[in-house]
A.B. asks: 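Quick one: this structure, given as structure tokens, is what I'll be asking you about.
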Amino acid sequence: MQLTTARFDAMPEDEAVALLLDCCSSRTWAHSVVAARPFGSRTVLLTTAAAAAENLDGDDLADALAGHPRIGERSEHAASRREQSAVATADADILDRLAAGNREYEERFGHVYLVRAAGRTAPELLEILERRLDNDPETEKAEMRAALAEITRLRLERIVTETARSRA
């Protein structure tokens, strides 16, 4: 589904929230973005949405992270399947190393390893995971928040266009 920024601005609140929950599973995030309407432009919408994602904390951040499967695991969420499509064809060694790295990451940081998978190969995702395992908690929290904002932005970009003409 694609729609213009003007159409998004005019949507009933419950429809707009539902649409946004496909981008980020934090209800607080979705409601805060909807409450900031009208945006008037796609750029303002995307900037507002990214900032709101980066500012999530506590239970709201946990809700956002809960919407993301581990790298290498099958997901019911179409966006996650599309974003991780390169991992589906990875060899067994890479998949085993990703699974072990996911476990180590979650033990160290207390949440799922979150990274923009779209456009990256399985070896790249493994390399990023292994590098991030060396982060201190504050550095990793910043990287995770930036990844959440980036993923959310990419998902929203697929849905909201600038004009009706760009939907074609």
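No hydrogens, no waters, no symmetry mates; every other heavy atom, side chains included, goes into these values. It should be emphasised that the depicted structure is a prediction, and the values quoted were computed from it without experimental measurement.
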A.B. asks: When you look at Leu45 and Val160, which way does the side chain to side chain contact (heavy atoms under 4.5 Å, CB included) test go after all the steps?
C.D. replies: CA-CA 9 Å; Leu45 167 60; Val160 179; 3.7 Å; yes

A.B. asks: Without swapping roles, check the side chain of Asp60 against the backbone of Leu56 for a donor-acceptor pair under 3.5 Å.
C.D. replies: no

A.B. asks: Should His31 and Val17 count as side-chain neighbours, where that means a heavy-atom distance under 4.5 Å?
C.D. replies: yes

A.B. asks: Let me confirm one number: the CD-CZ distance from Gln2 to Arg7, rounded to the nearest 0.5 Å.
C.D. replies: 14.0 Å

A.B. asks: Taking the side chain as everything from C-beta on, heavy atoms only, tell me whether Val34 gets closer than 4.5 Å to Met11.
C.D. replies: no

A.B. asks: Take atom CG of Asp136 as the centre, draw a 6.0 Å sphere, and report whether it contains more than 12 heavy atoms from other residues, nucleotides or ligands.
C.D. replies: yes

A.B. asks: Output yes when a side-chain donor or acceptor of Ser26 lies under 3.5 Å from a complementary backbone atom of Leu61, and no otherwise.
C.D. replies: no

A.B. asks: Any donor and acceptor pair, going by atom type alone, linking the side chain of Arg120 with main-chain N or O of Ala117 inside 3.5 Å?
C.D. replies: no

A.B. asks: If you take all heavy atoms of Phe109 and Asn135, which pair is closest and at what distance?
C.D. replies: CZ-O, 3.5 Å

A.B. asks: Which atoms form the tightest heavy-atom contact between Ala53 and Leu148, and what is the distance?
C.D. replies: O-CD2, 3.7 Å

A.B. asks: What pairs with Glu54 under salt bridge (charged side-chain N to carboxylate O under 4.0 Å, His left out), at least two apart in sequence or on another chain?
C.D. replies: none

A.B. asks: CD/Glu106 to CG/Leu65 distance, rounded to the nearest 0.5 angstrom?
C.D. replies: 10.0 Å

A.B. asks: Return the minimal non-hydrogen interatomic distance between Arg145 and Asp57, and the atom names on each side.
C.D. replies: NH2-OD1, 3.2 Å

A.B. asks: How many angstroms lie between atom CG of Leu20 and atom CZ of Arg27, to the nearest 0.5 angstrom?
C.D. replies: 10.5 Å

A.B. asks: For Arg37, is there any backbone N or O sitting under 3.5 Å from a side-chain donor or acceptor partner on Asp9?
C.D. replies: no

A.B. asks: Are the side chains of Arg97 and Asp93 in contact, using a 4.5 Å heavy-atom criterion?
C.D. replies: yes

A.B. asks: Does the Thr5 side chain pair with the main chain of Arg42, one donor and one acceptor, at a distance under 3.5 Å?
C.D. replies: yes

A.B. asks: CG of Asn102 to OH of Tyr113: how many Å apart, nearest 0.5 Å?
C.D. replies: 8.0 Å

A.B. asks: Restricting to non-hydrogen atoms, name the atom on Thr48 and the atom on Ala36 that form the minimum distance, rounded to 0.1 Å.
C.D. replies: CG2-CB, 4.0 Å

A.B. asks: Could you tell me which non-hydrogen atom of Leu98 sits nearest to which non-hydrogen atom of Leu125, and how far apart they are?
C.D. replies: CD2-C, 4.3 Å

A.B. asks: If you compare all heavy atoms of Thr152 against all heavy atoms of Cys23, which two are closest, and at what distance to 0.1 Å?
C.D. replies: OG1-O, 3.8 Å

A.B. asks: Can any side-chain N or O of Arg132 pair as donor or acceptor with the backbone N or O of Leu114 at less than 3.5 Å?
C.D. replies: yes

A.B. asks: Can you classify the ring geometry of Phe8 versus Phe39 as parallel (below 30°), tilted (30 to 60°) or perpendicular (above 60°)?
C.D. replies: parallel

A.B. asks: Would you find a donor on one side and an acceptor on the other, under 3.5 Å apart, between the side chain of Ser32 and the backbone of Trp29?
C.D. replies: yes

A.B. asks: Got a second to check how far Arg108's CZ is from Asp134's CG, nearest 0.5 Å?
C.D. replies: 7.5 Å

A.B. asks: Other residues, nucleotides and ligands only: do more than 12 of their heavy atoms fall within 6.0 Å of CD on Glu15?
C.D. replies: yes

A.B. asks: Evaluate the salt bridge (charged side-chain N to carboxylate O under 4.0 Å, His left out) criterion for residues Glu157 and Arg153: first the C-alpha distance (whole Å), next the side-chain angles of each, then the deciding distance (0.1 Å), finally the verdict.
C.D. replies: CA-CA 6 Å; Glu157 284 175 339; Arg153 181 184 180 100; 3.2 Å; yes

A.B. asks: Are the side chains of Leu19 and Leu3 in contact, using a 4.5 Å heavy-atom criterion?
C.D. replies: yes

A.B. asks: Out of curiosity, Thr139 OG1 to Met144 CE, how far, rounded to the nearest 0.5 Å?
C.D. replies: 12.0 Å

A.B. asks: Short question: side chain of Glu124, backbone of Thr121 - any donor-acceptor pair under 3.5 Å?
C.D. replies: yes

